There are 2 protein chains.
Amino acid sequence: MRRDIFQAIADPTRRGIITLIAVQAMTPNAIAEHFDMTRQAISKHLRILTECDLVKQEQQGREIYYQLEIDKMKEVDKWMEQFRKIWETRFQQLDQLLSTIKKKK
Amino acid sequence: MRRDIFQAIADPTRRGIITLIAVQAMTPNAIAEHFDMTRQAISKHLRILTECDLVKQEQQGREIYYQLEIDKMKEVDKWMEQFRKIWETRFQQLDQLLSTIKKKK
DNA sequence: TTTTTGCGAAACCAAACAGTTGCACTTATA
DNA sequence: TATAAGTGCAACTGTTTGGTTTCGCAAAAA
């Protein structure tokens, strides 16, 4: 069972859940209202999100509030950094090229 | 067959391929040498990457060079932005809190 | 021309996945 | 206490995934 953050965000429903609870913690029932599937299906997604530490539970009586562990999202951001570097470098090169052309004029 | 970039980067092998060819275009055989699986398996991954426009082919005789379409990666970056905003806001709030405590001292 | 090389496509398979329904447990309420 | 509400877990199902092997085709080399 591969459980990493990249697999977690691969599913559109899970991305929806993540965006939803990023603003405020919610219960499974409240989350399920936003999707066209059963509460149990949402519950399964929440379990996957919990398994890779993207989501934290907080019991409150018989209700469980799910909250996004936003710091975990930084892992994706970190991986993206290498590509951001590349396209920034390319932009600088393009910029230099343009100013070289300008000077020649 | 839904093919989006999030599904493309979900697989560790595909992430490896992306990182590999980010530097320079490569042929399937050359790529496969870096992984412990058959060329055909790599080819399948390349097809998936091609299907979601993450990768571009360039035929050169009987060889096909695969090159990363780095701009496509910006889609992930764009999705990440909403979370980056949140954690930057939280950092600022923490920063303000700290300076308030400092002043009181 | 014949053979080798680089490649994609198809058929196949086991494992994982994303749903469902049904059930049991706990907490709040009548 | 009996019942309703909120939840997780297990069993089951159809589909997708990630790999394999086998094949055919086109380009390069013998």
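In what follows, chains carry the letters A, B, and so on, assigned in the order in which the sequence lines appear, proteins first and then strands, with residues in each chain numbered from 1. Side-chain atoms are counted along with the backbone in the values below, which use heavy atoms only and exclude waters and symmetry mates. This is a predicted model, so every value here is computed, not measured.
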Task: Angle of first-five versus last-five pair axes in the helix from C:dT1-D:dA30 to C:dA30-D:dT1, to 10 degrees - done: 10°
Would you kindly give the [atom1]-to-[atom2] distance between [X] and [N], to the nearest whole Å?
| X | N | atom1 | atom2 | answer |
| --- | --- | --- | --- | --- |
| A:Arg3 | C:dA18 | CZ | C1' | 11 Å |
| A:Gln59 | C:dA28 | CD | P | 9 Å |
| A:Glu51 | D:dG8 | CD | P | 13 Å |
| A:Ile42 | D:dG6 | CD1 | P | 16 Å |
| B:Leu49 | D:dG18 | CG | C1' | 13 Å |
| B:Asp36 | D:dG18 | CG | P | 17 Å |
| A:Gln60 | D:dA5 | CD | C1' | 16 Å |
| B:Met37 | D:dT17 | CE | P | 16 Å |

TODO: Determine: side-chain N/O of A:Gln7 to OP1/OP2 of C:dC17, distance under 4.0 Å, yes or no.
DONE: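 So the side chain of A:Gln7 is within the cut-off, an N or O lying under 4.0 Å from OP1 or OP2 of C:dC17.
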Open item on the list: Strictly below 4.0 Å: does B:His45 bring a side-chain N or O up to OP1 or OP2 of D:dT17?
Closed with: no
Open item on the list: Tell me which one of B:Asp11, B:Ile18, B:Ile9 satisfies side-chain contact (heavy atoms from CB on, under 4.5 Å) with B:Leu49.
Closed with: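 Filter result, single survivor: B:Ile18.
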- [ ] Kindly give the heavy-atom pair with the smallest separation between B:Gln59 and B:Gly61, and that separation in Å.
- [x]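 Closest approach of B:Gln59 to B:Gly61: NE2-O, 3.2 Å.
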Task: Closest non-hydrogen atom pair between A:Gln7 and B:Ala10, with its separation - done: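 Heavy-atom minimum between the residues: CA-CB, 4.2 Å.
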- [ ] Give a yes or no on whether the backbone of A:Trp79 and the side-chain of A:Gln82 come within a donor-acceptor separation of less than 3.5 Å.
- [x]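 Such a contact is found between A:Gln82 side chain and A:Trp79 backbone.
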TODO: Check for a donor-acceptor pair, side chain of A:Arg39 on one end and backbone N or O of A:Ala32 on the other, with a separation under 3.5 Å.
DONE: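 The answer is no, because no donor-acceptor pair under 3.5 Å joins these two groups.
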Task: Base-contact (B) and sugar-phosphate-only (S) positions in nucleotides 4-10 of chain C, heavy-atom cut-off under 4.0 Å, - elsewhere - done: BBSBBB-
Open item on the list: Less than 4.5 Å apart, side chain to side chain, heavy atoms only: is that true for A:Ile42 and A:Asn29?
Closed with: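 When only atoms from C-beta onward are counted, A:Asn29 and A:Ile42 do not touch, as no gap falls below 4.5 Å.
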Open item on the list: With a 6.0 Å cut-off (strictly less than), is the heavy-atom count around CD of B:Glu58, excluding the residue itself, greater than 12?
Closed with: no
TODO: Step by step, work out the salt bridge (charged side-chain N to carboxylate O under 4.0 Å, His left out) result for A:Arg15 and B:Asp4.
DONE: CA-CA 13 Å; A:Arg15 283 202 301 281; B:Asp4 64 36; 3.5 Å; yes
Open item on the list: Salt bridge or not between B:Arg84 and B:Asp77? Use side-chain N to carboxylate O under 4.0 Å.
Closed with: yes
